[in-house]
Each structure stands twice: as structure tokens, then as C-alpha cells.
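I have placed the structure first, in the form of C-alpha cells, so that the comments after it can refer back to it.
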Amino acid sequence: MNRLRLWLLAVGGAGLAALLVAACLDLPDFGGRWHPYGDRAVHASLARHTANTISSINFDQRAYDTLGEMSILFAAVLGCVVLLRQARDEHRARPQSAEVARPVRRYALLVLPIALVVGLYVVAHGQLSPGGGFQGGVVAATALHLLYLGADYGALERVRPLAVYETADALAVCAYLVLGLAGVLAGTAFLANTLLPYGTFNTLSSGGTVPLLNAAIGMEVASAVVVLLAHFLDQAVEIEEEPGR
């Protein structure tokens with residue numbers, strides 16, 4: 001049985017390697033000035049008034065692939081929530097307040113609002129400048145956890161009601177799907193960027209549905225990271241095994 005598995009792995013790996021080599025042989029010359037995919041992506045981005053070509057690719061030209069990436073994150077968080085849920089032989093113990101060095105406290109509480117604003121800024125300007133929902137969502141979620149470093153776990157819990165973030169995570173995924181289905185109902189295609197006017201180039205209202213999809217991703221990523229870290233921190237700080245079990 002093990003030998004059969006090894007043979008299947010070898011055949012599959014050889015086939016994948018052959019496909020990768022064939023694809024590499026057909027790529028444009030390295031360092032050349034002309035690239036068929038790059039030129040088309042930039043042209044499509046400019047045609048739809050999206051200044052950031054990367055966001056145009058993620059939320060317009062291959063928005064369906066981005067839906068898959070978002071679904072992977074959603075499923076991963078859901079799996080961690082199920083695996084890390086409180087078991088019958090565990091109980092919650094309120095964590096004790098820890099002494100935090102003054103420089104750490106000052107730095108964390110000073111940087112927290114700055115990091116939060118930067119994260120929201122990166123999300124809001126995703127169609128205009130480098131960044132977007134994925135990057136800005138992680139920054140915003142990380143900023144929230146500076147409260148854990150600068151104060152204590154109780155302070156973090158007070159601004160992190162899990163039910164709210166779990167609901168926001170689900171609503172963000174639904175918003176992405178609804179925007180995609182709206183294109184179908186309008187008679188075009190799923191996630192087609194045809195619902196809204198493209199607006200004025202290089203402004204917040206430009207890009208059609210790109211800003212909306214980008215905002216949905218930002219909300220989903222931020223909420224997912226908060227929920228994920230919450231369950232890991234609960235395991236490390238609050239949840240303990242019952243004595244004698």
C-alpha cells in the first residue's frame with residue numbers, strides 16, 4: 001500500500017513538474033519591455049479607473065480567485081474555532097493583571113490609534129495606492145492587540161466582543177457574494193465590474209465595485225484575525241484543565 005502511494009506521488013509530481021517546465025519555456029524573455037499579461041492588466045486597470053493595478057487584478061480581473069482566497073481564510077478560522085472550543089474537562093480562569101513596563105505601556109498605547117488609522121487608511125485607499133483589504137485588515141487587527149501588550153488581557157476583552165467580530169466576518173463574506181450575484185442579476189457575469197460608474201480616476205469613488213469588494217475583504221480579514229487570535233489567546237491565558245482529569 002505504501003509503495004502504491006509513493007508511485008502515485010511520483011507520477012503526480014512528475015506530471016506537475018512537466019507542466020511547470022512547459023509553462024516556463026513559454027514565458028516572455030526575462031527583463032523584456034513587453035509582457036502580454038502585464039500590458040493587458042494595466043490597460044484594463046486604466047480603463048476601469050483603478051489607479052492601483054494590483055487591486056484591479058485582485059478585485060476586478062480575477063475577483064473570482066480572490067473569493068477563493070477569502071473562503072480559505074474563512075474556513076481556516078472556522079476550523080480553529082471548532083478545534084479550540086472549550087472542552088468539557090476545561091474551565092475558564094480569570095487572568096491576573098500583569099505588571100507592564102512603563103516604556104512598553106506608553107509605546108503600545110501611543111502606537112495603537114496610529115496603527116488602527118493606518119490600517120483603515122490602507123483599506124480605504126486600496127484601489128489608489130499599494131495595499132488593500134488584505135494588508136489593511138491585518139494591520140487594523142494587529143493594532144487592536146497592542147492593548148493586550150500595553151494594558152492587560154481584560155482590557156483587550158472589553159473592546160473585543162467575539163460575537164460582534166464573528167458576525168462581522170460572516171457579513172463581510174456575504175457582502176462579497178452579494179456583490180458578485182448582483183452582477184448576475186444585472187445580466188452580466190458573477191463579480192463583473194459593471195454595476196457602478198467607474199468615477200473619476202485616482203479618487204476614492206473610482207474603480208466601480210473594486211472599492212466595495214476591497215472593503216469587504218478588509219472587514220473579513222480584520223474580523224477573522226481578531227477571532228483567530230482570540231481563541232489562541234483564550235487557550236494560553238484563560239482556559240485551564242479541570243484538576244484531577
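Numbers here simply count residues along the sequence, with the first being 1.
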Value rounded to 0.5 Å, distance of CZ in Arg85 from SG in Cys80
12.5 Å
Between side-chain atoms of residues 127-140 and protein atoms elsewhere (two or more places apart, or another chain), which donor-acceptor pairs fall under 3.5 Å?
from: Gln127; atom 1: NE2; to: Leu204; atom 2: O; distance (Å): 2.8
from: Ser129; atom 1: OG; to: His125; atom 2: O; distance (Å): 3.3
from: Gln135; atom 1: OE1; to: Gly132; atom 2: N; distance (Å): 3.4

Taking C-beta and beyond as the side chain, do Met219 and Asp169 meet within less than 4.5 Å on heavy atoms?
no
With a 4.5 Å limit on heavy-atom distance, are the side chains of Thr50 and Ser45 in contact?
yes
Of all heavy-atom pairs linking Ala143 and Ala115, the shortest is CB-CB, 3.5 Å
When every non-hydrogen atom of Val159 is compared with those of Tyr165, the smallest separation belongs to O-OH, 3.5 Å
Intermediate values then yes/no, side-chain contact (heavy atoms from CB on, under 4.5 Å), Thr203 and His49
CA-CA 9 Å; Thr203 62; His49 297 184; over 6 Å; no
Other than Phe201, what residues sit in its cluster of Ile, Leu, Val, Met, Phe, Trp and Tyr side chains whose heavy atoms are under 4.5 Å apart, directly or through others?
Val42, Leu46
Cluster membership besides Leu25, Ile/Leu/Val/Met/Phe/Trp/Tyr side chains within less than 4.5 angstrom, sorted by chain and number, is Val21
Within the side chain of Thr167, is there an N or O that forms a donor-acceptor pair under 3.5 Å with the backbone of Ala163?
yes
Please enumerate all residues that pass salt bridge (Lys or Arg N to Asp or Glu O under 4.0 Å) together with Arg62, with sequence neighbours excluded.
Asp65, Glu69
Is there a continuous path of hydrophobic side-chain contacts, each under 4.5 Å between heavy atoms, that joins Tyr107 to Leu112?
yes
Tightest non-hydrogen contact, residues Gly208 and Asn193, listed as CA-OD1, 3.5 Å
Tell me whether the count of non-hydrogen atoms from other residues, nucleotides or ligands lying under 6.0 Å of CZ in Arg105 goes above 12.
yes
Same cluster or not: Val210 versus Ile54, using hydrophobic residues (I, L, V, M, F, W, Y) connected whenever any side-chain heavy atoms lie under 4.5 Å apart?
no
So, using side chain to side chain donor-acceptor pair (under 3.5 Å) as the criterion, who are the partners of Ser223 when residues are at least two apart?
none
Quick check: do His231 and Leu162 have side-chain heavy atoms less than 4.5 Å from each other?
yes
Is it the case that one hydrophobic cluster holds both Phe59 and Tyr37, taking links as side-chain heavy atoms less than 4.5 Å apart, direct or via other members?
no
For residues 2-13, which side-chain N or O atoms pair as donor and acceptor with protein atoms under 3.5 Å away, sequence neighbours left out?
none

Between Leu229 and Leu83, is there a shared hydrophobic cluster once you connect ILVMFWY residues whose side-chain heavy atoms come closer than 4.5 Å?
no
Return yes if some donor-acceptor pair links the side-chain N/O of Ser205 with the main-chain N/O of Gly199 below 3.5 Å, else return no.
no
When every non-hydrogen atom of Val226 is compared with those of Arg160, the smallest separation belongs to CG1-CG, 3.5 Å
Close side-chain approach of Ile217 to Val123, heavy-atom, < 4.5 Å:
no
In terms of heavy-atom contacts, Gly126 and Asn52 come closest through O-ND2, 2.9 Å
According to a 4.5 Å side-chain heavy-atom criterion applied to Ile, Leu, Val, Met, Phe, Trp and Tyr, with indirect links allowed, do Leu171 and Tyr176 form part of one hydrophobic cluster?
no
Output for pair (Leu156 CG, Leu147 CG), nearest 0.5 Å, gives 6.0 Å
Short question: side chain of Gln61, backbone of Ala41 - any donor-acceptor pair under 3.5 Å?
yes
By the rule that ILVMFWY residues connect when side-chain heavy atoms come within less than 4.5 angstrom, directly or transitively, which residues belong alongside Tyr198?
none
If you group Ile, Leu, Val, Met, Phe, Trp and Tyr whenever their side-chain heavy atoms sit less than 4.5 Å apart, what else falls in with Leu20?
Leu16
Partner set under side chain to side chain donor-acceptor pair (under 3.5 Å) for Ser71, not counting sequence neighbours
none
With a 4.5 Å cut-off on side-chain heavy atoms, are Asn58 and Leu213 touching?
no
side-chain contact (heavy atoms from CB on, under 4.5 Å) partner of Leu146, the single match among Leu109, Leu110, Val111:
Val111
Audit row: Leu212, Leu195, side-chain contact (heavy atoms from CB on, under 4.5 Å) steps and yes/no
CA-CA 11 Å; Leu212 298 180; Leu195 294 174; over 6 Å; no
For Leu181, enumerate each residue passing the side-chain contact (heavy atoms from CB on, under 4.5 Å) test, keeping only those at least two apart in sequence or located in another chain.
Phe190
Smallest heavy-atom separation, Arg158 atom then Pro161 atom, equals O-CD, 4.5 Å
Qualifying residues under salt bridge (Lys or Arg N to Asp or Glu O under 4.0 Å), relative to Asp60, sequence neighbours excluded:
Arg48
If the condition is side chain to side chain donor-acceptor pair (under 3.5 Å), which residues does Thr66 pass it with, not counting sequence neighbours?
none
